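Okay, structure first, notes after.
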Amino acid sequence: MNIEFKKLGDIEKSKIIDLMNNSLVRKQMPLLRGNFKEIDCDKFITSKEQMWKKHGYGSWAFVVNNEFAGWGGIQPDNGEADLALVLHPTYWGMGKVLYKEIINRAFNELGLNSVQVLFPPTRTRIKGLLRLGFKREIELEIGNERFIRYRLRKTDMNSIKK
């Protein structure tokens, strides 16, 4: 299996638009409102590229066997490092492989001490997240939506259950 991390701008916009309009993906993203159109895609790509320019890290496009599988990475978020992983349902089984590479880059290349994940309360299947070492912190509101913040600290990496 060939996995590549590419720039989002290298991906056909129609593939990103299809992903962001997928009903199963949208269920996991309460801040994604309305139909995701080409203009939204242009803004999305621009904002992700700006993160790279300003912070030196951000989101990638994930390409598996030459097919766009999704996007994600470590994104700056109000002084925090936020882990994002948005995959087309066809590739949901790839999440752990991609996660391991993202976390390796976050802690070993970027030198981060922790990363956060924000899940809406409707995401009740979190055992896998907890097994990875994430710990529940607080509930917060973003864009009139409730989220639960989970954090993984680099110092906790030794206690992760494989």
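None of the values given here were measured: they were computed from a predicted structure.
Counting only heavy atoms from C-beta outward, the side chains of Phe62 and Met94 never approach each other to under 4.5 Å. A heavy-atom distance below 4.5 Å is not found between the side chains of Lys7 and Trp52. Lys100 places none of its side-chain heavy atoms less than 4.5 Å from the side chain of Leu132. Side-chain atoms of Leu83 and Ile74, non-hydrogen and from C-beta on, do get closer than 4.5 Å to each other. Side chains of Phe147 and Leu31 form a contact here, defined as non-hydrogen atoms less than 4.5 Å apart. Residues Leu98 and Tyr91 have side chains not in contact (no heavy-atom distance under 4.5 Å, counting atoms from C-beta outward). The side-chain heavy atoms of Arg136 and Ile126, taken from C-beta on, include no pair separated by under 4.5 Å. Arg153 is not listed as a side-chain neighbour of Lys135, based on a closest heavy-atom distance of 4.5 Å or more.
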Report the C-alpha separation of Trp71 and Ile11 in whole Å, then their side-chain angles, then the decisive distance to 0.1 Å, and conclude whether the side chain to side chain contact (heavy atoms under 4.5 Å, CB included) test is met.
-> CA-CA 10 Å; Trp71 64 271; Ile11 303 301; over 6 Å; no

Full working for side chain to side chain contact (heavy atoms under 4.5 Å, CB included) between Asn21 and Lys37 = CA-CA 9 Å; Asn21 283 319; Lys37 301 178 187 104; over 6 Å; no

Check the pair Asp42, Lys13 against side chain to side chain contact (heavy atoms under 4.5 Å, CB included), reporting the backbone distance first and the verdict last.
-> CA-CA 8 Å; Asp42 290 337; Lys13 287 183 205 176; 2.6 Å; yes

Would you please test Leu118 and Asp77 for side chain to side chain contact (heavy atoms under 4.5 Å, CB included) and show each step?
-> CA-CA 11 Å; Leu118 301 172; Asp77 181 35; 3.9 Å; yes

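Tracing side-chain contacts under 4.5 Å through hydrophobic residues (I, L, V, M, F, W, Y), one never reaches Met20 starting from Met51; they form parts of separate clusters. Hydrophobic cluster membership is shared by Val97 and Leu152, with clusters built from Ile, Leu, Val, Met, Phe, Trp and Tyr side chains linked at under 4.5 angstrom. Neither Val25 nor Leu87 shares a network with the other; the hydrophobic side chains, linked directly or stepwise wherever heavy atoms of I, L, V, M, F, W or Y lie under 4.5 Å apart, form separate groups for each. One hydrophobic cluster, built from ILVMFWY side chains closer than 4.5 Å, cannot hold both Met29 and Tyr99; they sit in different ones. A continuous path of ILVMFWY side-chain contacts below 4.5 Å connects Ile16 to Val63, so both sit in one hydrophobic cluster.
Of the possible donor and acceptor atoms, none in the side chain of Lys48 sits under 3.5 Å from a partner among the backbone N and O of Ser59. Judged by distance alone, the side chain of Asn65 and the main-chain N or O of Asn2 form a donor-acceptor pair under 3.5 Å.
In this structure, Leu112 and Ala81 approach most closely via the heavy-atom pair CD1-CB, 3.6 Å. Across Cys41 and Ile17, no two heavy atoms sit closer than the pair CB-CG1, 3.8 Å. Residues Leu8 and Phe44 approach most closely at CD1-CE2, 3.9 Å, considering heavy atoms. Between Pro89 and Asn22, the closest heavy-atom pair is CG-OD1, 3.6 Å. Across all non-hydrogen atoms, the minimal contact from Leu19 to Gly70 is CD2-CA, 3.8 Å.
Residue Gln28 holds its CD atom at 11.5 Å from CG of Leu85, rounded to the nearest 0.5 Å. Leu24 CG to Thr90 OG1: the interatomic distance, rounded to the nearest 0.5 Å, is 9.5 Å. To the nearest 0.5 angstrom, Trp60 atom CH2 is 6.0 Å from Phe5 atom CZ. Here the straight-line distance linking atom NE2 of His88 with atom CZ of Phe68 works out to 9.5 Å at 0.5 Å rounding. With values rounded to the nearest 0.5 angstrom, Asp10 atom CG is found 10.0 Å from Glu4 atom CD. Distance check, rounded to the nearest 0.5 Å: CD1 of Ile103 to NZ of Lys96 gives 12.5 Å.
Taking a cutoff of 4.0 Å between a charged side-chain nitrogen and a carboxylate oxygen, Glu145 and Arg123 do not qualify as a salt bridge. Under the 4.0 Å criterion applied to side-chain N and carboxylate O atoms, Arg146 and Glu139 are assigned as salt-bridge partners. For Glu101 and Arg105, the salt-bridge test passes: some basic side-chain N is under 4.0 Å from an acidic carboxylate O.
Within a 6.0 Å sphere centred on CZ of Arg125, other residues, nucleotides and ligands contribute 12 heavy atoms or fewer.
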